[in-house]
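Everything quoted here is computed from the prediction, not taken from an experiment. Protein chains get the first letters and strands the later ones, always in sequence-line order, with residue 1 at the start of each.
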Number of protein chains: 2
Amino acid sequence: MGLTKSEIFTDEQNQLSTLLKAIAHPARIAILQRIIISNTCICGDLVGELGLAQATISQHLKELKLAGIIQGTIEGVSVCYCINPKTWKLLEEQLGGFLASYKGETTCC
Amino acid sequence: MGLTKSEIFTDEQNQLSTLLKAIAHPARIAILQRIIISNTCICGDLVGELGLAQATISQHLKELKLAGIIQGTIEGVSVCYCINPKTWKLLEEQLGGFLASYKGETTCC
DNA sequence: CAATTAAATCGTAATATTGCGATATATAAT
DNA sequence: ATTATATATCGCAATATTACGATTTAATTG
């Protein structure tokens, strides 16, 4: 099949997995790190820095944008991308809650 | 292609994306939540609770195990799965560092 | 307006993921 | 040994992802 059965899961589970999927790729992690360091990023810069083709970078940026993790505004000929603080906060909260729900060490196996 | 170019990324980026990919699925999030709540879980229970076939659940458990996020020990006829505290801690650290590196709000676009 | 530059989109190939029925394997009970 | 139960694995079909060359779209410059 290849089609996730979203209907059988909660909205929270689906939302969190969608956000995680968006950042679960080394190129997209690298892009986000670059954005965070310079507080902005331009597609062209990434093409030079990462070893990926322009079309590939643009596609990764599109996915991050689609998930609401980044946003971009036109800046002359190029496009300026930056973190969407709202989604980032949401991710921190959802993920933080999930990860913290495990109170480690009392392993049974 | 369909093949991620891991060579061009750092070990940290690859490792984090691998862990994230493992949990970036609603079924696997649901499985982990179930394990955390009861501090253990047995494949058969999940088959009843989630609406997925036994083969599918087994496959998701395998992926979580492969990523080192859970571990299982044979318990009679069934298998007892639980969180691997080491990997969970690693995930918390890596991800925490990554998420916290963005000091929000100073949006430029 | 023509030329240039930057990014997006299209089309395509290779590979990965998701899900499940069917079957195999392994342990426990009779 | 046979049977029952639980989980793993196989094989397959449908769909998704990754990557990139080629092309298109949009904005700036001359």
Side-chain angles (χ1 to χ4, degrees), chain A residues 1-9 13-14 17-31 34-35 40-67 70-82 109, chain B residues 1-9 13-14 17-31 34-35 40-67 70-82 109:
Chain A
M1 289 207 175
L3 214 169
T4 300
K5 283 186 155 184
S6 321
E7 330 86 59
I8 67 174
F9 303 107
Q13 286 163 345
N14 284 316
S17 71
T18 300
L19 288 175
L20 286 173
K21 217 163 97 177
I23 62 172
H25 189 287
R28 293 195 288 271
I29 291 178
I31 289 172
R34 175 61 161 74
I35 294 183
T40 177
C41 98
I42 285 166
C43 177
D45 299 345
L46 295 168
V47 176
E49 293 170 27
L50 310 187
L52 291 171
Q54 183 266 321
T56 308
I57 304 258
S58 190
Q59 203 175 297
H60 282 305
L61 287 168
K62 187 183 172 186
E63 268 173 80
L64 287 170
K65 203 165 61 177
L66 196 77
I70 61 172
Q71 55 199 170
T73 47
I74 296 164
E75 191 112 323
V77 192
S78 43
V79 177
C80 163
Y81 283 105
C82 67
C109 37
Chain B
M1 293 211 171
L3 216 170
T4 300
K5 283 187 157 183
S6 321
E7 330 87 58
I8 65 173
F9 304 106
Q13 286 163 345
N14 284 316
S17 71
T18 299
L19 288 174
L20 287 173
K21 216 162 98 177
I23 61 172
H25 189 288
R28 294 195 288 271
I29 290 178
I31 289 171
R34 174 60 161 74
I35 293 182
T40 176
C41 100
I42 284 166
C43 178
D45 299 344
L46 294 168
V47 177
E49 293 169 28
L50 310 187
L52 290 172
Q54 184 266 320
T56 308
I57 303 257
S58 188
Q59 201 177 298
H60 281 305
L61 287 168
K62 188 184 173 186
E63 267 172 82
L64 287 170
K65 201 164 63 178
L66 195 77
I70 63 173
Q71 55 199 166
T73 46
I74 296 164
E75 191 113 323
V77 192
S78 43
V79 177
C80 165
Y81 283 103
C82 67
C109 37

Separation of atom [atom1] in [X] from atom [atom2] in [N], rounded to whole Å:
| X | N | atom1 | atom2 | value |
| --- | --- | --- | --- | --- |
| A:Leu3 | C:dG19 | CG | P | 8 Å |
| A:Ile42 | D:dT28 | CD1 | P | 13 Å |
| B:Leu52 | C:dG19 | CG | P | 6 Å |
| B:Glu63 | D:dT9 | CD | P | 13 Å |
| A:Ile8 | C:dT18 | CD1 | P | 13 Å |
| B:Leu50 | D:dT7 | CG | P | 13 Å |
| A:Ile31 | D:dT18 | CD1 | P | 11 Å |

[X] versus [Y], closest heavy-atom pair with distance:
| X | Y | result |
| --- | --- | --- |
| B:Ile42 | B:Cys80 | CG1-CA, 4.3 Å |
| A:Ser6 | A:Asn14 | O-ND2, 3.1 Å |
| B:Ile70 | B:Tyr81 | CD1-CD2, 3.7 Å |

Side chains of residues 43-54 of chain A: which donor-acceptor partners sit under 3.5 Å, not counting sequence neighbours?
| unit_1 | atom_1 | unit_2 | atom_2 | d |
| --- | --- | --- | --- | --- |
| A:Glu49 | OE1 | A:Arg34 | NE | 2.6 |
| A:Glu49 | OE2 | A:Arg34 | NE | 3.2 |
| A:Glu49 | OE2 | A:Arg34 | NH2 | 2.6 |

Distances for protein N or O near nucleotides 8-11 of chain C N or O, under 3.5 Å:
| unit_1 | atom_1 | unit_2 | atom_2 | d |
| --- | --- | --- | --- | --- |
| C:dA8 | OP1 | A:Tyr81 | OH | 2.3 |
| C:dA8 | OP2 | A:Ser58 | OG | 2.8 |
| C:dA8 | N7 | A:Gln54 | NE2 | 2.8 |
| C:dA8 | N6 | A:Gln54 | OE1 | 2.8 |

Show me the donor-acceptor pairs, under 3.5 Å and distance only, between side chains in residues 58-67 of chain B and residues at least two apart or in other chains.
| unit_1 | atom_1 | unit_2 | atom_2 | d |
| --- | --- | --- | --- | --- |
| B:His60 | ND1 | B:Arg28 | NH1 | 2.9 |
| B:Glu63 | OE1 | B:Arg28 | NH1 | 3.4 |

| message | Let's see if you get this right: which residues in residues 18-26 of chain B place a heavy atom under 4.0 Å from DNA chain C? | response | B:Lys21, B:His25
| query | Within less than 4.0 Å of OP1 or OP2 of C:dT17, is there a side-chain N or O belonging to B:His60? | reply | no
| Do the side chains of A:Ile29 and B:Leu20 get nearer than 4.5 Å, heavy atoms only? | yes
| Is it the case that more than 12 heavy atoms not belonging to A:Ile74 sit under 6.0 Å from its CD1 atom? | no
| How does protein reach along nucleotides 25-30 of chain C, written 5' to 3' as B (base within reach of a heavy atom under 4.0 Å), S (only sugar-phosphate), or - (no contact)? | --BS--
| remark: One should read off an interatomic distance between B:Gln13 CD and B:Thr18 OG1, to the nearest 0.5 angstrom, of 11.5 Å
